[in-house]
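Naming: A, B, ... by sequence-line order, numbering from 1 per chain.
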Amino acid sequence: MTGSQVKARVVSVEPVGAYFLITLDAPAIAAAVEPGQFVAVAVGGPDTAMLLRRSFALYTADPSTGRIQIVVAEHGRGTAWLVRVGAGTPLDVVGPLGRPFTLPAEPGTAVLVAGGYGSAPMFDLARRLRAAGSAVHIVVGAGSADRLFGIDEARDVADSVAVTTDDGSAGVRGLVTDAVPALLGSPGATSVYACGPMAMLRAVGEMAAVYDVPCQVAVEESMACGIGVCMTCVLPVVGVDGRSRMVRSCVEGPVFDAERVRWKDVGSLPADVVGAGAMGAH
Amino acid sequence: MNPVTIHDHECGIGEIPGTHTHDHGEAGQRVDLATTLAGVTLPNPVLTASGCSAAGRELAPFMDVSDLGAVVTKSVMLRPRSGRATPRMAETPSGMLNSIGLQGPGIDAFLEHDLPWLAERGARAVVSIAGGTVEEFAELARRLVGVPALVLLEVNISCPNVASRGQVFACDPLAAADVVRAVKAEANGVPVFAKLSPDVTDIVAIAQSCVDAGADGLSMINTLLGMLIDTETMRPVLAGVTGGLSGPAIRPVAVRCVWQVHAALPDVPILGMGGILTGLDALQFLLAGASAVSVGTAVFHDPSAPTRVLSELRAELTRRGVRRLSDVVGAAHREPQR
């Protein structure tokens, strides 16, 4: 799932609530995107002092127009630069990167859970699930109404949409995870997909485990390169052999089976991770 | 020659500066980029840097790794090693801090999976080795000698992300010499380069000690030990507290180190690295006395950086009418001829 490096011209940057929707001309990337994949964008222009790429899940990728879209929240200097680039600016973009969500072998009922702009990859996923015969229910939550992304579109691509906000400014007041058990408990939920903050992914993963429904999550780990060489975006994940390893979320993820991620150990080094015993010796 | 895989589609902008390959100068002369490191001739002087390109495979979508002078692989240790907890990196002005902690699969997996991949592609491998003891370094050398693709051993005695932190081998002339001597005894003719830390009082003294112990050359520099504090949480940003500073921020320190060591030891080949982003950056290291360079952190910014730097360097040398790479190595030390 390694991408290509392109000079992508900025088509537009549009504010959408608290976020910015950036549209890029990038045919080589748009040709082969699967939901859950991301792009790594160089920021700051020529002579930038910001060396690390910023990674964003792909919201749309249209092979016929050659355009891709990402949703950007202004966090720091890099994203502050990015949301102010003018139309026509060439951006150095690498993608599509990462392991995408996998569709179920049989049609069923999918529950898609998104926090904030973590909804970005969910719409394409929902379309593909429905095209393959699955029913789709979407739950989207955010701190406030302006931090919800794509609610109207969710209604177009899903059989039901539940909205939550922490402050009650849209949908039901509460956490996105509050709306999940009802969907998992209703008959027939066969798969769960989640994208958003790590705490939300952990909660959704644990709920899915309770209801014994397979759950895939797209994690948000800080990445420097996005292509698998910097070794900074690791988290402890249980392998098929039952042993845990520090794995790179950029190439082995960002999508993981939730049950394989050792949520409580993210950000630490559990003693039973392969190679942890070698750390003290040197 | 098409060393750069930038796709420049219908967006109509020019390609990245310097990606044109200038095979012929104004006089129709092609610059001879071949370089020799302790008897090993490389087709050109641009290599990857240890710890910045894994074992080369991840760069394959962006270049043919056999186009590089060599691939310098991430430091391998005897046993698999998990590395540290996250956060492992932080961006700093024109640089970054990393605190990976030498994560790697260990020598068995490296020999089984990584070196064969490079050998199949006809790439040359400079294998970086790291150990906690002198004997571990020696055993790694023993395991590696004679394996296809290996052209040179780089002995990482200077990684700051180890339990002992600043107390690395490369900060002590005697400890550094012990490691070099032990590796050299096992190397069976494979050149041994010692990778030095800039975090020392006198890098020339360490360099001299390594050379006296048998080092065939020197790689410099490793990262500088640095630190960043989050003013919101009021705590260190990195889980490992301190980390190695790399990127253009350290380039002047690296050029200074190469200059000082080349001035003192003009016959010792140097592989120079530290913040190289462009062909002109690479040229600075060559002029300071390096016979070849490694492109490291730049790969995180631009995955095609090594081949781009090579193309830019070729163009810059051609523009200057340079015929042979060796003509510029150490040239900054020589007074201009009248």
Side-chain angles (χ1 to χ4, degrees), chain A residues 2-9 24-29 40 42 46-53 66 76-78 88-90 92 94 221-236 244-246 248 251 265-270 273-282, chain B residues 5-13 15-17 51-54 57-62 74 77-89 91 93-96 98 100-106 130-133 136 162-164 239 247-249 277 297-304:
Chain A
T2 40
S4 49
Q5 184 177 15
V6 303
K7 281 284 178 181
R9 188 174 57 82
L24 302 169
D25 250 341
I29 295 174
D47 300 321
T48 182
M50 295 180 282
L51 292 184
L52 307 185
R53 284 178 180 258
R77 274 193 284 258
T89 306
D92 184 340
V94 177
E221 274 287 342
S222 302
M223 298 174 185
C225 72
I227 61 167
V229 294
C230 77
M231 308 299 288
T232 65
C233 63
V234 298
L235 71 173
S244 298
R245 293 174 180 80
M246 296 295 262
R248 297 164 292 179
V251 290
D265 296 320
V266 171
S268 70
L269 180 60
V273 161
V274 172
M279 292 303 294
H282 181 202
Chain B
T5 56
I6 294 273
H7 298 287
D8 183 28
H9 288 278
E10 74 291 340
C11 50
I13 56 163
E15 65 188 271
I16 288 181
C52 297
S53 291
R57 194 180 307 211
E58 287 82 354
L59 298 190
F62 309 103
K74 180 171 171 60
M77 303 185 74
L78 281 180
R79 290 194 287 158
R81 197 171 144 108
S82 64
R84 296 184 173 278
T86 54
R88 289 178 168 188
M89 64 91 174
E91 193 172 59
S94 290
M96 68 177 289
N98 87 80
I100 310 302
L102 294 173
Q103 178 169 349
T133 64
E136 284 177 23
V162 293
S164 56
L277 276 187
T297 300
V299 171
F300 305 161
H301 179 69
D302 172 11
S304 37

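- Looking at every heavy atom in both residues, A:Gly228 comes nearest to B:Ala54 through O-CB, 4.5 Å.
- Pairing each heavy atom of B:Ser82 with each of A:Met246, the nearest pair is O-CG, 3.7 Å.
- Once rounded to the nearest 0.5 Å, the distance linking CG of A:Asp92 with CG of B:Asp302 reads 6.0 Å.
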A:Thr232 vs B:Phe300, test: side chain to side chain contact (heavy atoms under 4.5 Å, CB included). Steps then yes/no.
CA-CA 11 Å; A:Thr232 65; B:Phe300 305 161; over 6 Å; no
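- With values rounded to the nearest 0.5 angstrom, A:Cys230 atom SG is found 6.0 Å from B:Met96 atom CE.
- Of all the listed residues (B:Gly247, B:Pro248, B:Ala298), the one sharing the greatest number of non-hydrogen pairs under 4.5 Å with chain A is B:Pro248.
- Side-chain atoms of B:Gln103 never come within 3.5 Å of backbone atoms of A:Met231 as a donor-acceptor pair (strictly under, hydrogens ignored).
- One distance of note links CG of A:Leu51 with CD of B:Glu91; it measures 6.5 Å at 0.5 Å rounding.
- For chain B, the nearby parts of A:Val274 are the backbone and the side chain; heavy atoms of each come within less than 4.5 Å.
- Closest approach of B:Pro61 and A:Gly3 over heavy atoms only: CB-O, 3.6 Å.
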Determine whether A:Val234 and B:Thr86 satisfy the following criterion, side chain to side chain contact (heavy atoms under 4.5 Å, CB included), listing intermediate values before the conclusion.
CA-CA 7 Å; A:Val234 298; B:Thr86 54; 3.8 Å; yes
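- Of all the heavy atoms in A:Thr48 and B:His301, the pair that sits closest is CG2-CE1, 3.5 Å.
- In this structure the side chain of B:Pro303 reaches within 4.5 angstrom of the side chain of A:Arg53, judged on heavy atoms.
- Residue B:Leu59 touches chain A through its side chain alone, counting heavy-atom pairs closer than 4.5 Å.
- From B:Arg88, atom CZ reaches atom OG of A:Ser222 across 12.5 Å, with rounding to the nearest 0.5 Å.
- Across A:Gly267 and B:Ala85, no two heavy atoms sit closer than the pair O-CB, 3.6 Å.
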